Amino acid sequence: MSISLQKGQKVSLSKDNAGLAKIVVGLGWDEVEQKKAGFFAPKPQPIDCDASAILLKNGKLIDPKVDLVYFGNLTHRSGTVQHMGDNLTGAGEGDDEQIMIDLSAVPQEYDRIVIVVNIYGCVQRKQHFGMIRNAFIRLVDARNNNEMCKYNLSEDYSGMTAMIFGEVYRHNGEWKFNAVGQGTNDPGLGELCRRFQ
């Protein structure tokens, strides 16, 4: 049975899911229909949201070249965090992007995996999360495809260009999830990463 989470709510992943090893982090969003400014105005560009996973050691991002999993680095060197590919438009039902995490094998030095989404080219395209609706993050048990929990980001994030959706973290030997839902004005993934350094 899936748990519906509120902003800031934490839930244990391992407690109610004995033998949990691999999870799928599914992220989704829909674009609000954009109106053309005028008859001769160019058609609005689709919004390209990019999901990424930031692996932290003692709460810090030590080496972005290694510990950032995104469309330009699909698999962490440990093989335990894998981005399943970039969706350029967010069109279609269900998850728009997915990140697989093998919780049973994440090296011990990593205590937290932060899931973020930023809008590619947001400054040039004048795009922000106020132009996105139905955004969510959900965690699925990879053994049986059972959804364990889901967090719908229902706030108005107008003006925000990036989002910290949630984090999977280790606490007293068990894995937990925190529904963060924090919008930021970071223009790109590099700036977003600096928040964790």
Side-chain angles (χ1 to χ4, degrees), residues 13 22-31 46-91 94-103 105-107 109-125 127-129 131-132 134-140 142 149-153 157 160-170 175-197:
L13 300 177
K22 293 184 179 174
I23 61 169
V24 178
V25 180
L27 300 122
W29 49 79
D30 294 318
E31 200 174 317
I47 298 176
D48 178 8
C49 289
D50 292 322
S52 307
I54 304 170
L55 285 79
L56 306 182
K57 296 177 183 176
N58 294 319
K60 295 275 184 208
L61 174 60
I62 305 301
D63 187 352
K65 287 190 176 72
V66 172
D67 294 332
L68 174 63
V69 177
Y70 70 113
F71 66 84
N73 177 38
L74 291 175
T75 305
H76 187 259
R77 71 174 171 196
S78 67
T80 59
V81 181
Q82 184 178 5
H83 193 299
M84 303 311 288
D86 192 15
N87 177 335
L88 297 176
T89 65
D95 299 338
D96 291 309
E97 293 194 7
Q98 292 182 328
I99 296 169
M100 300 272 294
I101 304 175
D102 185 351
L103 298 176
V106 172
E109 64 262 30
Y110 296 104
D111 59 342
R112 198 169 289 266
I113 301 168
V114 182
I115 309 297
V116 299
V117 176
N118 66 293
I119 299 174
Y120 184 79
C122 61
V123 176
Q124 304 88 314
R125 298 177 180 187
Q127 295 174 337
H128 56 84
F129 272 91
M131 304 160 98
I132 299 283
N134 303 331
F136 67 83
I137 180 170
R138 68 191 194 107
L139 273 60
V140 175
C149 59
K150 184 173 185 177
Y151 169 42
N152 291 304
L153 285 75
Y157 292 101
M160 301 296 176
T161 52
M163 182 81 60
I164 302 167
F165 268 54
E167 56 187 13
V168 177
Y169 65 100
R170 242 190 268 259
W175 285 100
K176 297 188 168 198
F177 174 72
N178 178 19
V180 178
Q182 177 190 341
T184 80
N185 294 112
D186 296 309
L189 185 55
E191 292 82 1
L192 191 51
C193 283
R194 281 199 272 281
R195 291 179 174 268
F196 301 98
Q197 290 178 309

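Keep in mind that this is a model prediction, so the values were computed, not measured.
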Roughly how far apart are I99 CD1 and F165 CZ, rounded to 0.5 Å?
10.5 Å

If I compare all heavy atoms of A162 with all of D186, which pair ends up nearest, and what's the gap?
CB-O, 3.9 Å

Given side chains that start at C-beta, do those of L153 and W29 come closer than 4.5 Å, heavy atoms only?
no

Any heavy-atom pair between the side chains of I137 and V25 that's under 4.5 Å?
yes

Residue Y120 excluded, over 12 heavy atoms near OH under 6.0 Å:
no

Rounded to the nearest 0.5 Å, what's the gap from CD1 on I47 to CE on M131? Could you check?
5.0 Å

Is there a side-chain contact between K150 and N152 in this structure, where contact means two heavy atoms from C-beta onward sitting under 4.5 Å apart?
yes

Evaluate the side-chain proximity of Y110 to H76: yes if any heavy-atom separation is below 4.5 Å, no if none is.
yes

Spacing of CG belonging to D95 relative to CE belonging to M84, to within rounding of 0.5 Å
11.5 Å

Do E31 side-chain atoms and I132 backbone N/O form a donor-acceptor pair below 3.5 Å?
no

Residue K57 excluded, over 12 heavy atoms near NZ under 6.0 Å:
yes

So, do V81 and T75 sit near enough that their side-chain heavy atoms are less than 4.5 Å apart?
no

Taking all heavy atoms of V66 and all of N73, pick out the closest pair and write down the distance.
O-ND2, 4.0 Å

Say whether E97 and H83, considering side chains only, have a donor N or O and an acceptor N or O under 3.5 Å apart.
yes

Any side-chain heavy atom of Y157 sitting closer than 4.5 Å to one from M163?
yes

At their closest point, which heavy atom of I115 faces which heavy atom of A53, and how far apart are they?
CD1-CB, 4.0 Å

Distance in Å, I101 CD1 paired with K22 NZ, rounded so as to fall on 0.5 Å steps:
12.5 Å

Within-4.5 Å side-chain heavy-atom neighbours: L139 and V24
no

If the threshold is 4.0 Å, N to carboxylate O, is there a salt bridge linking R125 and D48?
no

Apply side-chain contact (heavy atoms from CB on, under 4.5 Å) to V69 and S52, showing your working.
CA-CA 6 Å; V69 177; S52 307; over 6 Å; no

Are V114 and I164 side-chain neighbours, meaning at least one heavy-atom pair lies under 4.5 Å?
yes

For R112 and E167, the nearest pair of non-hydrogen atoms, with its separation, is NH1-OE2, 2.6 Å

Evaluate the criterion side-chain contact (heavy atoms from CB on, under 4.5 Å) for residue pair L189 and D50; output intermediate values, then yes/no.
CA-CA 9 Å; L189 185 55; D50 292 322; over 6 Å; no

Evaluate side-chain contact (heavy atoms from CB on, under 4.5 Å) for V117 paired with F129, printing each intermediate quantity in order.
CA-CA 10 Å; V117 176; F129 272 91; 3.9 Å; yes

Of the non-hydrogen atoms in Y151 and G181, which two are nearest, and what is the gap between them?
OH-CA, 3.5 Å

Just verifying a value: how many Å separate I54 CD1 and D67 CG, rounded to the nearest 0.5 Å?
10.0 Å

Out of curiosity, L103 CG to W175 CH2, how far, rounded to the nearest 0.5 Å?
5.5 Å

Provide the closest heavy-atom pair for T80 versus A105 in the form atom of the first, atom of the second, distance.
CG2-O, 3.2 Å

Evaluation steps, side-chain contact (heavy atoms from CB on, under 4.5 Å), between I113 and L56:
CA-CA 6 Å; I113 301 168; L56 306 182; over 6 Å; no

